[in-house]
Peer 1: 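The structure is given below, and queries will be raised subsequently.
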Amino acid sequence: MTEKDQLREALNEKLVEFFDRFTSWESSVIESGNMKISDAHAIEILGHHGRMNMKELAGRLGITTGTTTIAVDRLERGGYARRVRAEHDRRSYIIELTEDGALAYEEHHRHHLNLAGEIASILGEDETRAFIEILQKINEHI
């Protein structure tokens with residue numbers, strides 16, 4: 001095995017470990033409430049970016065509009081989001097958080113900020129800046 005292959009293998013191992021740990025952490029945070037991970041992700045997007053149409057929400061979530069419709073249906077039933085007719089096109093809807101949805105966003109976001117704070121305290125300022133740049137570069141290409 002070449003050195004490049006060994007590096008790839010080590011990177012893969014650490015990525016899988018990180019993903020498993022992050023998924024487990026996020027599941028434990030979300031499961032303490034009464035929603036699915038996909039619902040919490042939709043709330044996070046809507047809370048961070050504001051109201052948007054179904055197509056934009058689907059794009060930001062990286063899922064189909066059909067799957068997004070199912071998630072939004074669950075959020076509406078739970079009282080976290082609502083559909084509002086778009087002013088410019090009465091055939092389409094804008095999805096927005098309700099007051100309960102905004103509270104859920106704030107709580108979930110606070111958990112994310114706490115995790116980011118833990119990571120930053122482990123890395124220090126220079127490494128945190130470098131890590132942010134690395135994540136940005138990765139996010140732009142995957």
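All values reported here derive from a predicted model rather than from experimental measurement. Computation of the quantities below employed the complete heavy-atom set of this structure, encompassing side-chain atoms and omitting hydrogens, waters and symmetry-equivalent molecules. Sequential numbering from 1 along the given sequence is applied to the chain's residues.
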Peer 1: Is Asp100 salt-bridged to Arg82, cutoff N-O under 4.0 Å?
Peer 2: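 Not counted as a salt bridge, because no side-chain N and carboxylate O are separated by less than 4.0 Å.
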
Peer 1: Kindly state each residue pair satisfying side chain to side chain donor-acceptor pair (under 3.5 Å) with at least one member in residues 8-17, sequence neighbours excluded.
Peer 2: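 Found Glu17-Arg21.
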
Peer 1: Side chains of Leu135 and Phe131: closer than 4.5 Å at any heavy-atom pair?
Peer 2: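 Yes, at least one pair of side-chain atoms sits under 4.5 Å.
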
Peer 1: Please report the interatomic distance CD(Glu56) to OG1(Thr68), rounded to the nearest 0.5 Å.
Peer 2: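 Here the interatomic distance stands at 11.5 Å.
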
Peer 1: Could you work out, with side chain to side chain contact (heavy atoms under 4.5 Å, CB included) as the rule, every residue matching Ala130, not counting sequence neighbours?
Peer 2: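 Per chain and number, Ala130 pairs via side chain to side chain contact (heavy atoms under 4.5 Å, CB included) with no residue.
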
Peer 1: Below 4.5 Å, heavy atoms only, C-beta onward: do Val84 and Glu96 meet side chain to side chain?
Peer 2: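 They are in side-chain contact.
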
Peer 1: Give a yes or no on whether the backbone of Gly79 and the side-chain of Thr98 come within a donor-acceptor separation of less than 3.5 Å.
Peer 2: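 Yes, the answer is positive, given that a donor and an acceptor are paired below the 3.5 Å cut-off.
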
Peer 1: Quick one: sort the Trp25 and Phe22 rings into parallel, tilted or perpendicular, breaks at 30° and 60°.
Peer 2: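 Ring orientation, 0 to 90° scale: tilted.
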
Peer 1: Do Met54 and Val72 come within less than 4.5 Å of each other through their side chains, counting heavy atoms only?
Peer 2: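 In short, these two side chains touch, coming nearer than 4.5 Å.
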
Peer 1: Any salt bridge (charged side-chain N to carboxylate O under 4.0 Å, His left out) pairs touching residues 116-128, not counting sequence neighbours?
Peer 2: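 Sorted result for residues 116-128: Glu125-Arg129, Asp126-Arg129.
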
Peer 1: Parallel, tilted or perpendicular: which fits the ring planes of His109 and Tyr105, with parallel below 30° and perpendicular above 60°?
Peer 2: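 Rings of His109 and Tyr105: parallel, under 30°.
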
Peer 1: As an exercise, state the distance from CG of Leu57 to CE of Met52, rounded to the nearest 0.5 Å.
Peer 2: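 Leu57 atom CG to Met52 atom CE measures 6.0 Å (nearest 0.5 Å).
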
Peer 1: Kindly compute the distance separating CZ (Arg83) from CD (Glu76), expressed to the nearest 0.5 Å.
Peer 2: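 Arg83 atom CZ to Glu76 atom CD measures 4.5 Å (nearest 0.5 Å).
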
Peer 1: If I take atom CD1 from residue Ile94 and atom CG from residue Asn53, how far apart are they, to the nearest 0.5 angstrom?
Peer 2: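 Taking CD1 in Ile94 and CG in Asn53, the distance rounds to 5.0 Å.
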
Peer 1: Just do the side-chain hydrogen bond (donor to acceptor under 3.5 Å, both in side chains) check on His49 and Glu44 with the steps written out, would you?
Peer 2: CA-CA 8 Å; His49 298 284; Glu44 184 78 19; over 6 Å; no

